[in-house]
Number of protein chains: 2
Amino acid sequence: MRASDRAYATLLDEIQSGALAPGTVLGEVEQSTRLGVSRTPLREALGRLAADGLVVQQSPRVTVVSDLDAGDIRELFEVRRALEETAARLAAARADAATFAAIADEFAKANLSGAEGLDAYYALIARFDAMLDASVDNDYLIAALRTIRTHLVRVRRLARDNPDRLAASVAEHRVIASAIAARDAELAAHATHVHLHNALTSILTSLEGSHTEQGAA
Amino acid sequence: MRASDRAYATLLDEIQSGALAPGTVLGEVEQSTRLGVSRTPLREALGRLAADGLVVQQSPRVTVVSDLDAGDIRELFEVRRALEETAARLAAARADAATFAAIADEFAKANLSGAEGLDAYYALIARFDAMLDASVDNDYLIAALRTIRTHLVRVRRLARDNPDRLAASVAEHRVIASAIAARDAELAAHATHVHLHNALTSILTSLEGSHTEQGAA
DNA sequence: TCTTCAGCTAGTGTATACACAAATCCGCGC
DNA sequence: GCGCGGATTTGTGTATACACTAGCTGAAGA
C-alpha cells in the first residue's frame with residue numbers, strides 16, 4: 001500500500017471519527033512526522049481530503065479540518081435527496097428484482113437489540129447501498145454519492161441515533177427495497193424522500209437536544 | 001500562480017478542447033517536461049484531474065485521458081437532471097425574484113445570429129448558471145454540479161449544437177428563469193427536466209449522425 | 001506611546017535525487 | 001524455431017533539499 005494511501009486513510013478516519021476536530025490546523029511537517037511519511041505523500045493525501053471537502057485551505061498557508069454545522073447537514077441532505085431519489089428510480093428500472101426482494105426480507109427480519117444490533121444495522125445499510133450502487137450502474141452518480149456519504153459519516157458521529165429511529169429506519173429501508181423489487185420507481189423515490197426527511201429531522205432534533213458543547217455559529 | 005495550478009489549468013483545457021484525445025497516455029516525465037514544471041506539481045495536477053474523473057489510472061503505471069461515449073453522456077445527464085432539478089427547486093424557493101425576472105427577459109430578447117451569437121448564448125447560459133449557484137446557496141450541490149459541468153464541456157465539444165436547438169434551448173431557459181422568478185418550484189423543476197431531456201436527445205442525435213470516426217463501443 | 005520598517009522565522013511550493021517495481025528485450029537452452 | 005529466464009530500462013513512489021513568501025517580532029524614529 002502506498003504511503004499516500006495510508007496517510008489519506010488515517011486522516012480520513014481521524015476526521016470522520018472526530019479525533020481531528022473541525023478547525024484543527026493540519027501543518028504538513030507536523031502531520032507527515034506524526035504519520036511517519038514524508039511531506040510529498042502527505043500533501044497528496046491533503047489534496048484528496050480537500051477535493052472531498054473534509055479539509056479547507058483557510059489561508060494560502062494554513063489547512064484546517066472543515067466545519068460541519070446544522071446548515072451543512074441540511075445542505076448535505078438536499079443533495080443526498082436528489083442523488084438517492086434518482087438512484088432509487090434507476091435501481092427500480094434496472095435492478096435484479098429477486099436480489100432486492102431478498103434484502104427487503106432481511107430488513108423485515110432485522111434484529112436491532114444491543115450494541116451488536118447497531119453494527120448489524122450499519123452493515124446491512126452498507127450492503128444495501130452497495131447493491132444500489134451496483135444496480136444504478138452510473139459511475140458519475142456513484143462518485144457523487146460517495147462524496148456525500150463521506151460527509152455523512154461525520155454527521156452520524158455528531159448525532160447519536162436513538163433506538164426508535166433505528167427501527168423506523170429499517171422499516172423505511174424495507175419499503176424502498178420492496179419498491180425496487182416491484183419495479184415501482186415512483187414508490188422507491190418517494191419512500192426514499194420520506195426516509196431522508198425522517199432521518200434529517202431525527203438528526204437535527206438530536207443536535208438541538210445536545211448542543212451543550214456544539215460551537216455557536 | 002502556482003505551477004501546479006498552471007499545469008492543471010493547461011491540462012484541463014487541453015482535455016476539454018480535445019487536444020488531448022481520450023486514451024492519450026499522460027506520462028509524468030513527458031508532461032512535466034512539456035509544461036515546463038517539475039514532476040511534483042504535475043502529479044498534483046494529475047491528482048486533481050483524476051478526482052474530477054477526466055483522467056483514469058488504467059494500470060498502476062499508466063494514466064490516460066478518460067473516454068466519453070454515448071453511455072457516459074446518458075449517465076452524466078441522469079446525474080445532471082437530479083442536481084439541476086434540485087437546484088431549480090431551491091432557487092425558486094430562495095432566489096431574488098427580480099434578478100431572475102431580469103434574466104428571463106434577457107433570454108426573451110436574446111439574438112443568436114452568427115458565430116458571435118453562439119458566444120453570447122454560452123455567456124448568457126454561464127451567467128444563468130452562476131446566478132443559480134448563488135441562489136441555491138449550497139456548497140455541496142454546487143461542487144457536485146461543477147464536476148458534472150466539467151465533463152459537459154467535453155460533451156459540447158463532441159456534439160455540435162444546431163441553430164434550431166440553440167433557439168429552443170434559449171426559450172426553455174426563459175421558462176425556467178420565469179418559473180424561478182414566480183417562485184414556482186414545480187414548474188422550474190419540470191421545465192428543467194424537459195430542457196435536459198431535449199438537450200440530451202439533441203446531443204445523442206448529433207452523435208448518431210456524425211459517428212464517422214467515433215470509436216466503437 | 002504609537003507607528004513603521006527591517007530582519008528573521010516558520011512553513012509551504014518546487015525541484016531533484018534515490019529507490020523500487022514492472023515491462024521489455026535479448027540471450028540461452030531446449 | 002520457440003519458450004523461458006534474467007538483465008536492463010523506463011517510469012512511478014518517496015524523500016529531501018532548496019527557494020520563496022507571508023507573518024511576526026523587535027527596535028527605532030516621530
Side-chain angles (χ1 to χ4, degrees), chain A residues 1-16 19-67 139 143 146-147 150, chain B residues 1-15 19-67 139 143 146-147 150 215:
Chain A
M1 189 189 231
R2 295 184 303 177
S4 60
D5 291 336
R6 270 185 289 127
Y8 174 77
T10 305
L11 288 172
L12 176 64
D13 180 68
E14 289 178 343
I15 293 173
Q16 287 182 332
L20 288 174
T24 305
V25 176
L26 298 178
E28 294 183 2
V29 196
E30 173 198 4
Q31 295 301 319
S32 62
T33 306
R34 186 173 69 89
L35 299 179
V37 301
S38 84
R39 277 182 55 216
T40 308
L42 182 100
R43 278 176 68 84
E44 188 176 322
L46 283 183
R48 288 166 66 184
L49 291 170
D52 292 340
L54 290 173
V55 306
V56 290
Q57 266 207 335
Q58 203 169 51
S59 80
R61 284 295 265 280
V62 50
T63 302
V64 302
V65 177
S66 65
D67 195 25
D139 290 340
R146 243 189 89 241
T147 304
T150 302
Chain B
M1 190 189 230
R2 295 184 303 178
S4 59
D5 292 335
R6 269 184 292 127
Y8 175 77
T10 305
L11 288 172
L12 176 64
D13 180 69
E14 289 177 345
I15 293 174
L20 288 173
T24 306
V25 176
L26 298 178
E28 294 183 2
V29 192
E30 172 198 3
Q31 294 301 319
S32 60
T33 306
R34 186 173 69 88
L35 300 179
V37 300
S38 83
R39 277 182 56 216
T40 308
L42 182 99
R43 278 175 69 84
E44 188 177 322
L46 283 183
R48 288 166 66 184
L49 290 170
D52 293 340
L54 291 172
V55 306
V56 289
Q57 266 207 337
Q58 202 169 51
S59 80
R61 283 291 267 281
V62 49
T63 303
V64 302
V65 177
S66 65
D67 194 25
D139 289 340
R146 242 188 90 243
T147 304
T150 301

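Residue numbering restarts at 1 for every chain, and letters A, B, ... go by the order of the sequence lines.
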Base-pair map of DNA chain D as dot-bracket, where | denotes pairing with a different strand and pairs are Watson-Crick or G-U under 3.5 Å:
||||||||||||||||||||||||||||||
Any non-hydrogen side-chain atom of B:Leu42 less than 4.5 Å from a side-chain atom of B:Leu26?
no
Contact residues, residues 22-38 of chain B to DNA chain D [heavy atom, < 4.0 Å]:
B:Gly27, B:Glu28, B:Val29
Can you list, in residue-number order, the parts of residues 40-66 of chain A that come under 4.0 Å of DNA chain D, counting heavy atoms only?
A:Thr40, A:Pro41, A:Arg61
Ignoring hydrogens, what is the shortest heavy-atom contact between [X] and [Y]? Give both atom names and the distance.
X       : Y       : answer
A:Val65 : A:Ile15 : CG1-CG2, 3.9 Å
B:Val29 : B:Thr33 : O-OG1, 2.7 Å
B:Ala7  : B:Val37 : CB-CG2, 4.3 Å
A:Gln31 : A:Val25 : NE2-O, 4.5 Å
B:Leu11 : B:Ala45 : CD1-CB, 4.5 Å

What range of DNA chain D does chain B touch, first nucleotide to last, counting atoms under 4.0 Å from its heavy atoms?
D:dT10 to D:dT14
Rounded to the nearest 0.5 Å, how far does [atom2] of [Y] lie from [atom1] of [X]?
X       : Y       : atom1 : atom2 : value
B:Asp5  : B:Arg48 : CG    : CZ    : 5.0 Å
A:Leu20 : A:Thr10 : CG    : OG1   : 10.0 Å
B:Glu14 : B:Thr24 : CD    : OG1   : 10.0 Å

Measure the distance from CZ on B:Arg2 to P on C:dT12 and round it to the nearest whole Å.
12 Å
Rounded to whole Å, how long is the line connecting atom CZ of B:Arg39 with atom P of C:dG13?
19 Å
Quick check: are there more than 12 heavy atoms from other residues, nucleotides or ligands sitting under 6.0 Å from CZ of A:Arg34?
yes
For residues 51-61 of chain A, which side-chain N or O atoms pair as donor and acceptor with protein atoms under 3.5 Å away, sequence neighbours left out?
residue, atom, partner, partner atom, Å
A:Asp52, OD2, A:Tyr8, OH, 2.5
A:Ser59, OG, A:Arg61, N, 3.3
A:Ser59, OG, A:Val62, N, 3.4

Filter on salt bridge (charged side-chain N to carboxylate O under 4.0 Å, His left out), then keep only pairs touching residues 23-33 of chain B, sequence neighbours left out; what's left?
B:Glu28-B:Arg39, B:Glu28-B:Arg43
